Undergrad: 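Dropping a structure here in structure tokens format, bear with me for questions.
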Amino acid sequence: QVQLVESGGGLVQAGGSLRLSCTASGRTFSSYAMGWFRQAPGKEREFVAAISLYGSSTSYTDSVKGRFTISRDNAKNTVYLQMNSLKAEDTALYYCAAGLHGFANGRYDYWGQGTQVTVSS
């Protein structure tokens, strides 16, 4: 089992930046691909970004390309999402997820409880 805890959310003005963190425990962190998802009120959960086991490959949804950067530090069991040039449309509950083969097949087995990001316009 893997436990994931997100942090770093908050309230920020449009155009500002936030960095989300997700720390894992329970299993070998480097065995898992990691992803970030988000869900706005009344909307379906959507994919945001993913990173492979050792950070050699990344993937982003079109709406965040050029603004968000996903990274990982396996020595600290932590994945980050750097969010720049934030827009009101980015307001959502952001979830961290882990999957044994998540980057390759899009399946994530473990999920955090989420951290709220609110962008004011």
Side-chain angles (χ1 to χ4, degrees):
Q1 298 295 121
V2 174
Q3 290 77 234
L4 304 173
V5 179
E6 303 98 333
S7 63
L11 176 64
V12 64
Q13 291 188 5
S17 298
L18 286 173
R19 188 176 74 162
L20 305 183
S21 298
C22 172
T23 299
S25 63
R27 305 285 282 189
T28 302
F29 181 72
S30 61
S31 296
Y32 296 88
M34 302 296 297
W36 286 96
F37 295 76
R38 65 187 181 186
Q39 187 169 24
K43 305 294 183 181
E44 296 292 324
R45 183 181 298 174
E46 67 172 338
F47 167 79
V48 177
I51 189 165
S52 58
L53 303 189
Y54 295 99
S56 59
S57 299
T58 58
S59 181
Y60 301 91
T61 191
D62 287 344
S63 63
V64 308
K65 288 180 179 177
R67 300 189 299 120
F68 290 12
T69 303
I70 187 171
S71 62
R72 67 191 296 161
D73 185 343
N74 288 352
K76 296 183 177 181
N77 290 352
T78 300
V79 173
Y80 305 95
L81 185 67
Q82 178 67 47
M83 305 185 295
N84 298 326
S85 301
L86 283 162
K87 305 174 180 179
E89 306 91 88
D90 296 316
T91 295
L93 188 64
Y94 282 71
Y95 296 91
C96 175
L100 204 56
H101 305 289
F103 192 86
N105 63 20
R107 180 174 180 177
Y108 293 88
D109 304 300
Y110 305 100
W111 297 81
Q113 292 188 319
T115 186
Q116 179 67 39
V117 172
T118 302
V119 184
S120 61
S121 60

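Excluded from the calculations below are hydrogen atoms, water molecules and symmetry mates; all remaining heavy atoms, backbone and side chain alike, are included. Since we're looking at a predicted model, the values are computed, not measured.
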Undergrad: Can you name the closest pair of heavy atoms from Ser121 and Ala14 and give their distance?
TA: CA-CB, 4.3 Å

Undergrad: Decide yes or no for Val79 and Trp36: does some side-chain heavy atom of the first lie under 4.5 Å from some side-chain heavy atom of the second?
TA: yes

Undergrad: According to the disulfide bond (SG atoms under 2.5 Å apart) rule, which pairs have a member within residues 29-75, sequence neighbours left out?
TA: none

Undergrad: Could you work out, with side-chain hydrogen bond (donor to acceptor under 3.5 Å, both in side chains) as the rule, every residue matching Tyr32, not counting sequence neighbours?
TA: none

Undergrad: Are Leu86 and Tyr80 connected in the hydrophobic side-chain network, where two residues link if heavy atoms are under 4.5 Å apart?
TA: no

Undergrad: Let me confirm one number: the CZ-CG distance from Arg38 to Leu81, rounded to the nearest 0.5 Å.
TA: 9.0 Å

Undergrad: Out of curiosity, Ser31 OG to Asn74 CG, how far, rounded to the nearest 0.5 Å?
TA: 9.0 Å

Undergrad: As an exercise, state the distance from OG of Ser71 to CE of Met34, rounded to the nearest 0.5 Å.
TA: 11.5 Å

Undergrad: Heavy atoms, side chains only, cut-off 4.5 Å: are Asp90 and Arg67 in contact?
TA: yes

Undergrad: Does Leu100 belong to the same Ile/Leu/Val/Met/Phe/Trp/Tyr cluster as Val2, with side-chain heavy atoms less than 4.5 Å apart forming each link?
TA: yes

Undergrad: Are the side chain of Gln113 and the backbone of Val5 linked by a donor-acceptor contact shorter than 3.5 Å?
TA: no

Undergrad: Tell me if the CZ atom of Arg45 is crowded by more than 12 foreign heavy atoms within 6.0 Å.
TA: yes

Undergrad: Any side-chain heavy atom of Met83 sitting closer than 4.5 Å to one from Val12?
TA: no

Undergrad: Will you find, in the side chains of Thr23 and Asn77, an N or O donor that is under 3.5 Å from an N or O acceptor?
TA: no

Undergrad: Distance check, rounded to the nearest 0.5 Å: Thr58 atom OG1 versus Lys65 atom NZ?
TA: 10.0 Å

Undergrad: Out of curiosity, His101 NE2 to Asp109 CG, how far, rounded to the nearest 0.5 Å?
TA: 9.0 Å

Undergrad: Among residues at least two apart in sequence or on other chains, which ones pass salt bridge (Lys or Arg N to Asp or Glu O under 4.0 Å) with Glu89?
TA: none

Undergrad: Which ILVMFWY residues can you reach from Leu53 by hopping between side chains whose heavy atoms are under 4.5 Å apart?
TA: Tyr54

Undergrad: Any sub-3.5 Å donor-acceptor pair from Gln82's side-chain atoms to Arg19's backbone N or O?
TA: no

Undergrad: Donor-acceptor pair, distance only, cut-off 3.5 Å: does the side chain of Ser52 make one with the backbone of Ser57?
TA: yes

Undergrad: Is there a path of hydrophobic side-chain contacts, each under 4.5 Å between heavy atoms, that joins Ile51 and Phe47?
TA: no

Undergrad: Which of these passes side chain to side chain contact (heavy atoms under 4.5 Å, CB included) with Leu11: Val117, Thr118, Val119?
TA: Thr118

Undergrad: Minimum heavy-atom separation for Ala24 to Leu4, with atom names?
TA: CB-CD2, 3.5 Å

Undergrad: Mind checking ring-ring contact (aromatic ring centres under 6.0 Å, His included) for Tyr108 and listing every partner two or more places apart, or none if nothing turns up?
TA: Phe37

Undergrad: Spell out, yes or no, whether Leu93 and Val64 are grouped together once hydrophobic residues are joined by side-chain heavy atoms under 4.5 Å, including indirect joins.
TA: no

Undergrad: Angle between ring planes, Tyr95 versus Trp111, binned at 30° and 60°: parallel, tilted or perpendicular?
TA: perpendicular

Undergrad: Only pairs at least two apart or in different chains count here, so list each disulfide bond (SG atoms under 2.5 Å apart) that has a residue in residues 74-121.
TA: Cys22-Cys96

Undergrad: For the residue pair Ser21 and Thr78, what are the closest heavy atoms and their distance?
TA: CB-CG2, 4.3 Å

Undergrad: Measuring from atom OH of Tyr94 to atom OG of Ser7, what distance do you get when rounded to the nearest 0.5 angstrom?
TA: 15.0 Å

